[in-house]
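Below is one structure; the comments refer to it alone.
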Amino acid sequence: MIFSMTVFGTISLFVKKIPLVSGEIALYRAFLAFILIGVYLLVKRQKIHFREMEKTLPLLILSGCAMGINWILFFEAFNYTTVSVATLSYYFAPVIVTLACPVIFKEKMGAKQWICFFMATLGIILITGLDINSENDNITGILFGLGAACLYSVVIILNKFIKNVDDIQKTFIQFVSAAAVLLPYVLLTSGINIASLSGGGLISLLFVGLFHTGVTYCFYFSAMKGLSGQETAILSYIDPLVAVLVSVVILKEEMTLMQIIGGVIILGFTLWNEIKGKKDL
């Protein structure tokens, strides 16, 4: 799990080296990942029993479509703001899920959940720099990050309804669905431009699709089987921490003091929201 989260946190290093629009990068990411996982399923001789998942298949397809659009928005955020700000905005997703659960699952929000919601929202405000009329593209990048968070929260909520489906098979169907919805979008917008990639850009694209997505998702789901939900939630925060370090240390992107405070507030309170105490059990 630690390995998977660390790898996820470094994806920006490779995405920034691919001179293609976000939609096309997301398409190839989904395509390469489902090809790799498809080969894995063939080698393991695992058959996908579509009849047994007849009731959940529409939800799987819908979650895959949301995942593909989520990738577009997340990658697009990198074009307008720093990796750290884009990632911290993206990690507003657990807060969105917390707000949605009382409506969808009839769960009650206690004082702890409301505190986490308001504090995480404060963190987002601090990250924007409190200047909504800023001439730079920072606000646009944050909005793309929050849009990606909304789509990722849709994936999380839909997955709560998808039961008795093997994680690897579920991911395979989601990647196929993501590629299916991204292909017409790319054809109607930017078109296919993979032939224009140089050696470095192509290697980065292969790395994003095969290693960052295909291989690492398999590691991630394999690790989840040996961990509790709380352990998984805590370790998942390695991803944004690594992303921030990559942004500041390797990419040399600046973070203001207010953005650092805002990031700490977002990660701290969303993590606290996911850690269950005795009263929550």
_For Phe172 and Tyr40, I'd like to know if the aromatic rings sit close, meaning centre-to-centre distance below 6.0 Å._
no

*Of Tyr237, Phe269, Tyr152, which meets ring-ring contact (aromatic ring centres under 6.0 Å, His included) against Tyr91?*
Tyr237

*If you look at every heavy atom in Gly23 and Val186, which pair is closest and at what distance?*
O-CG2, 3.5 Å

*Is it true that atom CZ of Phe31 has more than 12 heavy atoms of other residues, nucleotides or ligands lying nearer than 6.0 Å?*
no

*Does any non-hydrogen side-chain atom of Val215 lie less than 4.5 Å from one of Leu210?*
no

*Does any N or O in the side chain of Lys252 come within less than 3.5 Å of the main-chain N or O of Val249, such that one atom is a donor and the other an acceptor?*
yes

_As a quick check of understanding, evaluate side chain to side chain contact (heavy atoms under 4.5 Å, CB included) for Leu60 and Ser177, giving each step before the final call._
CA-CA 8 Å; Leu60 278 169; Ser177 303; 6.0 Å; no

*Distance, nearest 0.5 Å, that separates CG of Leu99 from OG1 of Thr121*: 7.5 Å

*Carefully, step by step, assess Leu182 and Ile72 under the rule side chain to side chain contact (heavy atoms under 4.5 Å, CB included).*
CA-CA 9 Å; Leu182 289 172; Ile72 294 178; 3.3 Å; yes

*Are Phe14 and Phe211 an aromatic pair by the rule of ring centers under 6.0 Å?*
no

*Could you check if a side-chain atom of Ile194 sits within less than 4.5 angstrom of a side-chain atom of Leu205, using non-hydrogen atoms only?*
yes

*Distance-minimising heavy-atom pair for Ala149 and Phe92*: CB-C, 4.3 Å

*Judged by modelled atom types alone, do Thr98 and Gln113 share a side-chain donor-acceptor pair under 3.5 Å?*
no

*Short side-chain to backbone donor-acceptor contact, Gln259 and Thr256, under 3.5 Å*: yes

*Would one find more than 12 heavy atoms of other residues, nucleotides or ligands at under 6.0 Å from atom NZ of Lys55?*
no

*Got a second to check how far Ile168's CD1 is from Ser222's OG, nearest 0.5 Å?*
5.0 Å

_Heavy-atom side-chain proximity of Asn159 to Gln174 below 4.5 angstrom_ = yes

_Check: Phe144 ring centre within less than 6.0 Å of Tyr90 ring centre_ = no

_Between Val39 and Ile48, is there shared hydrophobic-cluster membership here, with clusters defined by ILVMFWY side-chain heavy atoms closer than 4.5 Å?_
no

*Decide yes or no for Arg29 and Phe75: does some side-chain heavy atom of the first lie under 4.5 Å from some side-chain heavy atom of the second?*
yes

*Decide yes or no for Val248 and Met255: does some side-chain heavy atom of the first lie under 4.5 Å from some side-chain heavy atom of the second?*
yes

*asked:* With a 4.5 Å cut-off on side-chain heavy atoms, are Ile37 and Cys218 touching?
replied: yes

*asked:* Please determine whether residues Leu20 and Ile203 belong to a single hydrophobic cluster, defined as Ile, Leu, Val, Met, Phe, Trp and Tyr linked transitively by side-chain heavy-atom distances below 4.5 Å.
replied: no

*Interatomic distance, Glu24 atom CD to Leu187 atom CG [nearest 0.5 angstrom]*: 9.0 Å

*Could you tell me which non-hydrogen atom of Val242 sits nearest to which non-hydrogen atom of Thr6, and how far apart they are?*
CG1-O, 3.7 Å

_Where Ser63 and Ile162 come nearest, the two heavy atoms and their spacing_ = OG-CD1, 4.2 Å

*asked:* Please report whether the ring centroid of Phe175 lies less than 6.0 Å from that of Trp71.
replied: yes

*Side chain Asn193, main chain Ser196, donor-acceptor under 3.5 Å*: no

*Do Ile61 and Tyr185 sit in the same hydrophobic cluster, where Ile, Leu, Val, Met, Phe, Trp and Tyr count as joined when their side-chain heavy atoms come under 4.5 Å apart?*
yes

*Between Tyr220 and Asp167, is any side-chain donor less than 3.5 angstrom from a side-chain acceptor?*
no

*Which value, rounded to the nearest 0.5 Å, describes the distance between Leu62 atom CG and Thr56 atom OG1?*
12.5 Å

*Does Leu271 belong to the same Ile/Leu/Val/Met/Phe/Trp/Tyr cluster as Ile2, with side-chain heavy atoms less than 4.5 Å apart forming each link?*
yes

_Hydrophobic cluster membership, with links at side-chain heavy-atom distances under 4.5 Å among I/L/V/M/F/W/Y: are Val21 and Val208 in one?_
no

*How many angstroms lie between atom OG of Ser236 and atom CG of Leu241, to the nearest 0.5 angstrom?*
9.5 Å

*Are side-chain heavy atoms of Cys116 and Thr270 found at a separation under 4.5 Å?*
no

*Could you please spell out the steps behind the side chain to side chain contact (heavy atoms under 4.5 Å, CB included) verdict for Leu32 and Thr213?*
CA-CA 8 Å; Leu32 290 168; Thr213 311; over 6 Å; no

*Give the intermediate values and the outcome of side chain to side chain contact (heavy atoms under 4.5 Å, CB included) for residues Glu253 and Thr81.*
CA-CA 9 Å; Glu253 296 175 335; Thr81 189; over 6 Å; no

*Short question: side chain of Ser247, backbone of Ala243 - any donor-acceptor pair under 3.5 Å?*
no

*Side-chain contact, heavy-atom cut-off 4.5 Å: Val244 with Thr87?*
no

_Atom pair CG (Leu36) and CG (Leu41), whose distance is rounded to the nearest 0.5 Å_ = 10.0 Å

*Would you name the heavy atoms of Ala66 and Val155 that are closest together and state the gap between them?*
CB-CG2, 3.9 Å

*Mind listing the closest non-hydrogen atom pair of Ser12 and Val246 along with its distance?*
OG-CG1, 3.8 Å

